[in-house]
Amino acid sequence: MKERMHIVCATDNNYAALCGIMLSSLLENNRHRPISVYILTDGLKPGHCKRLKSLAESGKYDAEINICVIDTKALEGCDTSHNPYLAKYLNKAVFSRFLIADILPADCKKCLYLDCDIVVDGDISGLYDTDITDYAVAAVPEHDGESGRCIGKEAIERLNYPLKYGYFNAGVMLINLSYWRENDVKHAAISYFVNNVKKCFFFDQDVLNAILHDKKLFLPYKYNVMASFFECAFEDFTALLIEERPVIIHYCSAAKPWNWYFGDYPFKNRWKSYRNRSKWKHWRSRMPFKKLVKEIARNILYFSKGKRYRYYRSSWRKWE
């Protein structure tokens with residue numbers, strides 16, 4: 001019998017539909033493995049809970065879904081107010097990753113954490129079965145210690161540890177729960193954030209890199225292909241990264257595939273395909289009216305100057 005995969009994600013009422021679409025893609029492409037899902041939340045409406053749980057009740061998958069209400073008191077001192085830009089999208093629940101080792105069953109030695117702005121586009125057995133006995137976490141680099149996103153290098157300098165260790169994205173993490181429990185990563189993470197809050201621009205991701213940079217294993221890029229890698233504002237090294245078909249696609253840029261005005265967004269149609277096959281096929285983003293008008297005006301101006309509608313490099317298209 002194949003080992004059960006333990007999957008963790010976190011959501012609130014605003015992201016419940018996105019969580020459901022992500023989980024639908026995961027379950028659809030991994031029917032051959034038994035899966036336990038743990039959804040961390042500081043509170044979900046009953047309707048959202050019922051629909052999320054119904055994914056495992058359909059009989060299509062060997063899966064169980066657990067809604068885990070976190071005790072935010074355990075995250076005392078953790079807040080997002082020091083970064084007003086990201087605080088618009090994130091709240092205290094973003095730090096729930098610190099609590100994973102306490103929330104999951106004691107006999108669970110490993111889990112895979114996934115952000116909600118993701119689609120799983122293939123079999124993740126190769127990822128989940130990675131041996132991380134000697135590591136605290138395995139994740140895909142934003143900077144591998146030699147090359148990578150300028151933001152990754154800036155974060156390493158800000159967090160003040162050697163560049164050679166690189167910087168990982170925390171949206172997809174294979175976590176060694178035994179290590180986290182034995183080394184009390186929860187309290188180490190909370191303590192670091194409270195004492196270094198101004199350093200932690202990217203909140204919990206910065207914290208985990210700061211305390212685990214020398215205890216992590218880098219994964220192949222195919223397990224977290226980030227849309228932000230294709231932004232024209234960053235250096236073009238995508239040809240070095242995307243050597244294999246993406247297994248996990250991560251829409252981790254300011255724009256999202258559910259925002260229709262980004263016409264050339266990487267893997268946008270892939271995300272729409274999974275939404276349309278899920279229980280959330282009628283879900284649509286409700287963008288504030290003022291922001292919608294602003295984006296429309298910006299794009300009209302862009303076209304009026306004779307520019308092509310392209311904010312992203314096209315190297316992702318070979319996998320579309």
Side-chain angles (χ1 to χ4, degrees), residues 5-10 40 94-104 108-115 118 120 124-193 195-196 199-226 228-229 237 240-241 243-244 246-248 250 252:
M5 295 195 293
H6 297 274
I7 309 297
V8 182
C9 55
L40 312 187
V94 72
F95 298 100
S96 61
R97 281 182 278 201
F98 296 165
L99 309 178
I100 288 176
D102 287 352
I103 293 173
L104 267 63
C108 181
K109 308 301 182 185
K110 178 168 66 172
C111 72
L112 178 66
Y113 173 87
L114 298 173
D115 272 352
I118 273 174
V120 178
I124 60 168
S125 293
L127 164 58
Y128 195 86
D129 294 337
T130 300
D131 183 3
I132 54 170
T133 304
D134 299 323
Y135 301 94
V137 65
V140 168
E142 292 197 28
H143 196 288
D144 66 7
E146 296 182 1
S147 64
R149 293 181 67 198
C150 56
I151 286 179
K153 184 177 180 181
E154 181 275 331
I156 296 169
E157 294 170 349
R158 173 165 37 82
L159 298 171
N160 195 31
Y161 63 81
L163 180 64
K164 67 179 182 179
Y165 291 113
Y167 182 88
F168 61 85
N169 181 276
V172 177
M173 293 190 296
L174 188 62
I175 298 173
N176 182 341
L177 293 173
S178 298
Y179 180 97
W180 281 42
R181 291 171 182 134
E182 291 167 7
N183 294 275
D184 201 2
V185 169
K186 177 185 76 172
H187 286 106
I190 294 172
S191 177
Y192 183 90
F193 182 81
N195 293 313
N196 298 275
K199 285 186 178 182
C200 301
F201 185 87
F202 293 112
F203 305 138
D204 57 324
Q205 178 169 286
D206 276 354
V207 172
L208 293 174
N209 273 277
I211 66 174
L212 301 176
H213 59 267
D214 58 345
K215 303 172 186 69
K216 56 87 184 60
L217 173 69
F218 280 145
L219 294 169
Y221 284 97
K222 66 179 180 178
Y223 291 126
N224 187 356
V225 175
M226 297 167 240
S228 55
F229 277 143
F237 61 99
L240 300 176
L241 308 182
E243 298 175 347
E244 299 179 86
V247 176
I248 297 177
H250 190 184
C252 60

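Side chains of Leu99 and Leu40 form no contact here, defined as non-hydrogen atoms less than 4.5 Å apart. Annotation: side chain of Ile248 is in contact with side chain of Ile124 (closest heavy-atom distance under 4.5 Å).
Among residues two or more places apart in sequence or in another chain, the side chain to side chain contact (heavy atoms under 4.5 Å, CB included) test is passed with Asp129 by Glu3, Arg33, Ser125. Annotation: side chain to side chain contact (heavy atoms under 4.5 Å, CB included) contacts of Val137 (sequence neighbours excluded): Phe168, Met173, Ile175, Leu212, Lys216. Asn176 pairs by the side chain to side chain contact (heavy atoms under 4.5 Å, CB included) definition with Ile132, Ser178, Tyr179, not counting sequence neighbours. Evaluation of the side-chain hydrogen bond (donor to acceptor under 3.5 Å, both in side chains) rule for Lys186 yields Asp102 as partners, not counting sequence neighbours. With sequence neighbours left out, the ring pair (Phe, Tyr, Trp, His ring centres under 6.0 Å) criterion links Tyr128 to no other residue. Partners of Tyr161 under the ring pair (Phe, Tyr, Trp, His ring centres under 6.0 Å) rule, at least two apart in sequence or in another chain, are His213.
Counting non-hydrogen atoms of neighbouring residues, nucleotides and ligands closer than 6.0 angstrom, the CG atom of Asn160 reaches no more than 12 such neighbours.
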Q | side-chain contact (heavy atoms from CB on, under 4.5 Å) assessment of Val140 paired with Val172 | A | CA-CA 7 Å; Val140 168; Val172 177; 5.9 Å; no
(Q) The test is side-chain contact (heavy atoms from CB on, under 4.5 Å); show your working for Val8 and Ile103 and say whether it passes. (A) CA-CA 10 Å; Val8 182; Ile103 293 173; over 6 Å; no
Q | Intermediate values then yes/no, side-chain contact (heavy atoms from CB on, under 4.5 Å), Phe98 and Val207 | A | CA-CA 10 Å; Phe98 296 165; Val207 172; 3.8 Å; yes
Q. Checking side-chain contact (heavy atoms from CB on, under 4.5 Å) for the pair Phe202/Arg158: CA distance, chi angles, key distance, verdict?
A. CA-CA 11 Å; Phe202 293 112; Arg158 173 165 37 82; 3.8 Å; yes
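In this structure, CG on Asn169 lies 11.0 Å from CG on Leu208, to the nearest 0.5 angstrom. Here the straight-line distance linking atom CG of Asp144 with atom NZ of Lys164 works out to 14.5 Å at 0.5 Å rounding. Rounding to the nearest 0.5 angstrom, the gap separating the CH2 atom in Trp180 from the NZ atom in Lys109 is 16.0 Å. We find the CZ-CG distance between Phe201 and Leu159 to be 12.0 Å, quoted to the nearest 0.5 Å. Atom CG of residue Asp206 and atom CD1 of residue Ile211 lie 11.5 Å apart, to the nearest 0.5 angstrom. For the atom pair CE (Met5) and NZ (Lys110), the distance works out to 10.5 Å, reported to the nearest 0.5 Å.
Between the Thr130 side chain and the Leu127 main chain, a donor and an acceptor come within less than 3.5 Å of each other.
Donor-acceptor pairing under 3.5 Å is recorded for the side chains of Tyr167 and Gln205. Using a 3.5 Å distance cut-off with no hydrogens or angles, the side chains of Tyr113 and Asp115 do pair a donor with an acceptor.
Minimum interatomic distance between Leu177 and Cys111 (heavy atoms only, all atoms of both residues): CD2-SG, 3.9 Å. Of all the heavy atoms in Phe218 and Pro141, the pair that sits closest is CE2-CB, 3.4 Å.
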